[in-house]
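Only one structure is covered here, and it is reproduced in the block below.
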Amino acid sequence: MLSLQPEVEALRIDGVLGEASASRMIALERRELFSLHYELRAMIYGGLLLIVGGVGILIRTNVDRIGPAVLIAAIAVASAICYAIPFFSRHSAKLPDSRVFLEYSLLLGALLASADLGYAVNQYAIFGENWRLQFLILAVFHSVTAYLFSSRSLLAVAITALASWLGLSDSGLTTWLDGGSGGADLAGRGLFCALLILIWRQLHARLSSVGDFLPVFSHFIANVALLASLAMITDSNREIPGLILLLLFSGLAVVYGLRTGRETFVIYGVAYGLLGVDFFVLDRRVHTAALVAGWLLISTAAAAFALFRFHRSFRSDL
């Protein structure tokens with residue numbers, strides 16, 4: 001197995017590397033140290049989901065005994081505490097100074113606040129038939145707190161709330177994913193949402209220096225625009241324009257990924273493009289099982305080869 005330990009030892013002897021840095025690099029080469037960063041983040045995120053799910057069960061099972069007003073107030077207090085921890089940590093060295101801990105505290109507070117408002121709106125019919133206004137309120141609230149705390153997690157929640165306000169997370173999306181109608185309507189909403197996020201991104205780039213927010217905007221723009229184009233393909237009256245849009249956005253995602261060194265966008269472009277072309281070809285144009293299997297084998301192999309070549313180009317630029 002290839003090891004860089006001799007080179008690291010030589011650099012330490014020559015004084016190029018300090019003792020601490022050299023020891024750490026040697027430990028990494030020997031596999032004595034390994035990172036649990038992503039595993040811990042996944043466990044924390046899963047814990048947050050369990051907490052929010054537990055809150056939902058608490059509301060459902062105790063609303064008659066405790067009363068909706070008390071539950072709403074209790075969840076609001078819990079959410080406020082989650083926001084208070086990062087806020088006061090700026091002024092006190094006694095509180096944890098881990099950015100990951102503070103980020104997940106903010107995310108938990110945002111999820112609790114969203115659940116609390118949703119329950120209050122549903123319980124008291126605050127907006128009547130315009131119940132979707134709650135998502136606009138949440139989008140504004142989460143965006144303000146995102147800039148206040150310079151939190152990418154809160155920004156993602158704010159953009160998700162904006163998409164929900166535009167109807168991208170309600171029953172229409174579920175119906176489309178289940179094979180129902182509504183592809184054209186979903187596509188229109190998705191393209192409008194992507195345009196709003198793009199405008200928001202440009203305003204942020206020009207007017208604000210808070211946080212490293214541009215990658216968050218870019219990921220949402222790419223996924224929402226590509227998903228909207230994919231939805232348009234499923235509408236029999238708009239499948240040609242949808243395919244053209246999908247290929248255009250897929251190409252833009254690949255070009256953006258190559259220019260910025262972000263391989264994820266290349267994967268977006270290839271994956272969504274593959275799904276769109278496969279659906280366009282197989283939905284009404286290929287019917288025999290042998291042709292379907294042959295087409296899927298060829299298209300998947302071509303996409304895998306393209307991803308491999310792109311990956312090689314990224315590796316060669318390192």
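Only heavy atoms go into these numbers, but all of them, side chains included; no hydrogens, no water, no symmetry mates.
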Open item on the list: Tell me if the CH2 atom of Trp200 is crowded by more than 12 foreign heavy atoms within 6.0 Å.
Closed with: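 Yes, the 6.0 Å shell around CH2 holds more than 12 heavy atoms from other groups.
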Open item on the list: Determine whether the aromatic ring centres of residues Phe265 and Tyr268 are separated by less than 6.0 angstrom.
Closed with: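 Between Phe265 and Tyr268, which both carry aromatic rings, the centre distance is below 6.0 Å.
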TODO: Give a yes or no on whether the ring-centroid distance for Tyr147 and Phe213 is below 6.0 angstrom.
DONE: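 Yes, they do, as the ring centres are separated by less than 6.0 Å.
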Check: [Y] and [X] side chains under 4.5 Å, non-hydrogen atoms:
X      : Y      : answer
Thr160 : Phe220 : yes
Phe217 : Leu155 : yes
Leu246 : Leu226 : yes
Leu107 : Leu154 : no
Phe87  : Leu106 : no
Leu162 : Phe135 : no
Ile137 : Phe127 : yes

Open item on the list: Could you check whether any side-chain N or O of Asn122 sits under 3.5 Å from a backbone N or O of Gly118, counting only pairs where one atom can act as donor and the other as acceptor?
Closed with: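 No, Asn122 side chain to Gly118 backbone: no donor-acceptor pair under 3.5 Å.
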- [ ] Check for a donor-acceptor pair, side chain of Gln202 on one end and backbone N or O of Ile199 on the other, with a separation under 3.5 Å.
- [x]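 Between the backbone of Ile199 and the side chain of Gln202 there is no qualifying donor-acceptor contact (under 3.5 Å).
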- [ ] Go through the steps to decide whether Leu191 and Phe249 satisfy the test side-chain contact (heavy atoms from CB on, under 4.5 Å), and finish with yes or no.
- [x] CA-CA 11 Å; Leu191 292 175; Phe249 289 146; 3.8 Å; yes
Hey, quick one: are [X] and [Y] part of the same hydrophobic cluster, counting side-chain heavy atoms closer than 4.5 Å, chains of contacts allowed?
X      : Y      : value
Leu247 : Tyr272 : yes
Leu136 : Leu195 : no
Val255 : Leu245 : no
Met232 : Leu274 : no

First locate atom [atom1] of [X], then atom [atom2] of [Y], and finally report the distance between them rounded to the nearest 0.5 Å.
X      : Y      : atom1 : atom2 : result
Leu252 : Arg259 : CG    : CZ    : 9.5 Å
Leu102 : Tyr83  : CG    : OH    : 14.0 Å
Ile81  : Leu108 : CD1   : CG    : 10.5 Å
Arg201 : Ile221 : CZ    : CD1   : 6.0 Å
Arg152 : Asp212 : CZ    : CG    : 5.0 Å
Leu203 : Leu198 : CG    : CG    : 9.5 Å

Open item on the list: With side chain to side chain donor-acceptor pair (under 3.5 Å) as the criterion, how do Glu239 and Thr234 come out once you've worked through the C-alpha distance, each side chain's angles and the decisive distance to 0.1 Å?
Closed with: CA-CA 6 Å; Glu239 56 182 356; Thr234 64; over 6 Å; no
Where [X] and [Y] come nearest, the two heavy atoms and their spacing:
X      : Y      : answer
Leu168 : Val224 : CD1-CG1, 4.2 Å
Arg189 : Leu166 : NH1-O, 2.7 Å
Ser79  : Gly109 : OG-O, 2.8 Å
Arg262 : Pro215 : NH2-CG, 3.6 Å
Ile72  : Asp116 : O-OD2, 2.9 Å
Ser105 : Cys82  : OG-O, 2.8 Å

Open item on the list: Before you tell me yes or no, could you show the steps for Phe280 and Leu230 under side-chain contact (heavy atoms from CB on, under 4.5 Å), namely the whole-Å CA-CA distance, both residues' side-chain angles and the distance that decides it to 0.1 Å?
Closed with: CA-CA 10 Å; Phe280 180 80; Leu230 190 61; over 6 Å; no
- [ ] Determine, step by step, whether Tyr256 and Val266 satisfy the side-chain contact (heavy atoms from CB on, under 4.5 Å) criterion, reporting the C-alpha distance in whole Å, the side-chain angles of both residues, the deciding distance to 0.1 Å, and the verdict.
- [x] CA-CA 8 Å; Tyr256 178 80; Val266 176; over 6 Å; no
Open item on the list: As a quick check of understanding, evaluate side chain to side chain donor-acceptor pair (under 3.5 Å) for His142 and Ser114, giving each step before the final call.
Closed with: CA-CA 9 Å; His142 293 318; Ser114 300; 2.9 Å; yes
